[in-house]
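Read the structure below first, then the notes.
Sequential numbering from 1 along the given sequence is applied to the chain's residues.
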Amino acid sequence: MPRALITGITGQDGSYLAELLLEKGYEVHGMVRRASTEKFDRIEHLRDRLTLHQADLLDHRSLVDALRAAKPHEVYNLAAMSFVAVSWIQPTLTAEFTGVGVTRILEAVREVCPETRFYQASSSEMFGKVLETPQTEKTPFYPRSPYGVAKVYGHHITVNYRESYDLHASSGILFNHESERRGLEFVTRKITWHAAAIKTGKRDSLQLGNLDARRDWGYAKDYVEAMWLMLQQDTPDDFVIATGVTNTVRRCVEVAFDEAGLNWEQYVQIDDSLKRPAEVDLLVGDASKAERQLGWKPQTSFEELIRLMVRSDVALLS
């Protein structure tokens, strides 16, 4: 039975990946941080089928112990300080978790289980102020946030360990991917939750920043399939995972409020304090390499995604 260890298993992607691997007959191990308030909502329905290990990307020893206990054939490093807006408030912590933390886990893999296949969660935020459109695996990075800068470090150190130590280490450069399990601080979920909350009488308005920011949004459930496919290849490599289609935050609002049967202009207010210090205006990925080499294509359209998120939030709030 193949064994996988997922860091960040309690997050959106970690929970979907755990489900996928269990379906494929894996023994699934997860890494969780010791916290005063344990948050396992996203994996509660899987808890009895998972083996959880307490470890932390800031602590090398705990990573070594987790790897020794799990003996994984595959490691998926999804843990990070993942919210871009907070990376300006906590830039050093973001660098430690999202950047240097990748080195710690790679070093632990090299020490404990160098044959293990490794997946690094890279991000479209690395492209930032984009130098070409659409963005491919060869597009130069120009990050515009402490989060994006840390992700660039994590990406390059993964390539470095692959080339220096012959590790089977691959990076997925994932563009924005959302779901009904997305945290409420992320703009798509903030929008779908508020549309549902206004529909059910629990809120009366929604504050947003830049409605014109364009993103390439896909469904997280589709994207974790790409992570798994990368580690099934004979040769490790880096892949852009994206839909190739952009939508504005405004379009997201229109679809969400339409699904809720509401006129968005009556409820949405612009709050300049919610705008980023340095905005990333346009991100759109070209995933043709992933389609060619992995046979991967997104299955869920943007509109389907936003509508299913609103329906889920209405059910949640009802």
Side-chain angles (χ1 to χ4, degrees), residues 1-11 13-18 20-22 24-34 50-82 94-123 126 137 150-174 223-239 241 294:
M1 182 186 277
R3 283 184 304 280
L5 174 67
I6 303 170
T7 77
I9 194 169
T10 59
D13 293 8
S15 64
Y16 282 120
L17 180 60
L20 177 77
L21 295 178
L22 287 168
K24 293 184 180 296
Y26 277 66
E27 181 184 310
V28 179
H29 295 252
M31 206 182 90
V32 293
R33 291 169 65 209
R34 172 78 187 92
L50 304 171
T51 306
L52 299 181
H53 304 268
Q54 281 197 352
D56 196 309
L57 286 181
L58 302 187
D59 184 72
H60 176 78
R61 177 84 257 142
S62 69
L63 298 175
V64 166
D65 290 345
L67 288 167
R68 285 196 174 129
K71 300 184 179 64
H73 302 107
E74 297 171 2
V75 170
Y76 295 87
N77 184 39
L78 310 186
M81 204 303 295
S82 64
T94 300
E96 280 288 349
F97 269 120
T98 308
V100 183
V102 185
T103 315
R104 288 196 193 93
I105 191 148
L106 282 165
E107 192 59 20
V109 166
R110 185 170 82 88
E111 186 182 319
V112 177
C113 47
E115 300 306 306
T116 295
R117 297 187 171 197
F118 181 85
Y119 171 83
Q120 167 59 13
S122 287
S123 166
M126 301 189 306
E137 294 79 8
K151 278 290 185 187
V152 170
Y153 176 91
H155 181 84
H156 281 311
I157 201 71
T158 302
V159 173
N160 187 258
Y161 268 65
R162 176 168 78 214
E163 295 175 354
S164 304
Y165 302 117
D166 204 26
L167 292 186
H168 193 296
S170 296
S171 289
I173 306 172
L174 270 57
Y223 284 33
V224 297
E225 179 94 31
M227 299 176 187
W228 176 76
L229 285 166
M230 284 177 218
L231 297 201
Q232 310 319 305
Q233 307 307 303
D234 293 334
T235 308
D237 205 349
D238 306 321
F239 295 91
I241 302 298
L294 306 176

Return the minimal non-hydrogen interatomic distance between [X] and [Y], and the atom names on each side.
| X | Y | result |
| --- | --- | --- |
| Y26 | A4 | CD2-CB, 3.8 Å |
| A70 | R3 | O-NE, 3.2 Å |
| V64 | A108 | CG2-CB, 4.0 Å |
| T7 | L78 | OG1-N, 3.0 Å |
| M81 | T98 | N-OG1, 3.1 Å |
| S170 | P236 | OG-CA, 3.3 Å |

Just so I know, are the side chains of [X] and [Y] near enough to count as touching, which here means a heavy-atom distance under 4.5 Å?
| X | Y | result |
| --- | --- | --- |
| M227 | D13 | yes |
| F97 | R33 | yes |
| E74 | M230 | no |

Residue D166 excluded, over 12 heavy atoms near CG under 6.0 Å: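 At most 12 heavy atoms, drawn from other residues, nucleotides or ligands, come within 6.0 Å of this atom.
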Reported [atom1]-to-[atom2] distance for the pair [X] and [Y], which is rounded to 0.5 angstrom:
| X | Y | atom1 | atom2 | result |
| --- | --- | --- | --- | --- |
| L57 | I105 | CG | CD1 | 6.0 Å |
| N77 | I6 | CG | CD1 | 11.5 Å |
| E115 | L167 | CD | CG | 9.0 Å |
| L294 | Q233 | CG | CD | 5.0 Å |
| L67 | T116 | CG | OG1 | 7.0 Å |
| L5 | Y76 | CG | OH | 11.0 Å |

NZ/NE/NH1/NH2 to OD/OE distance under 4.0 Å, R162 and D238: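 Yes, this pair counts.
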Cationic N near anionic O, under 4.0 Å, R104 to E107: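 Salt bridge: no.
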Residue pair Y16 / E225, side-chain donor-acceptor N/O under 3.5 Å: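 Looking only at side-chain atoms, E225 and Y16 do not form any donor-acceptor pair under 3.5 Å.
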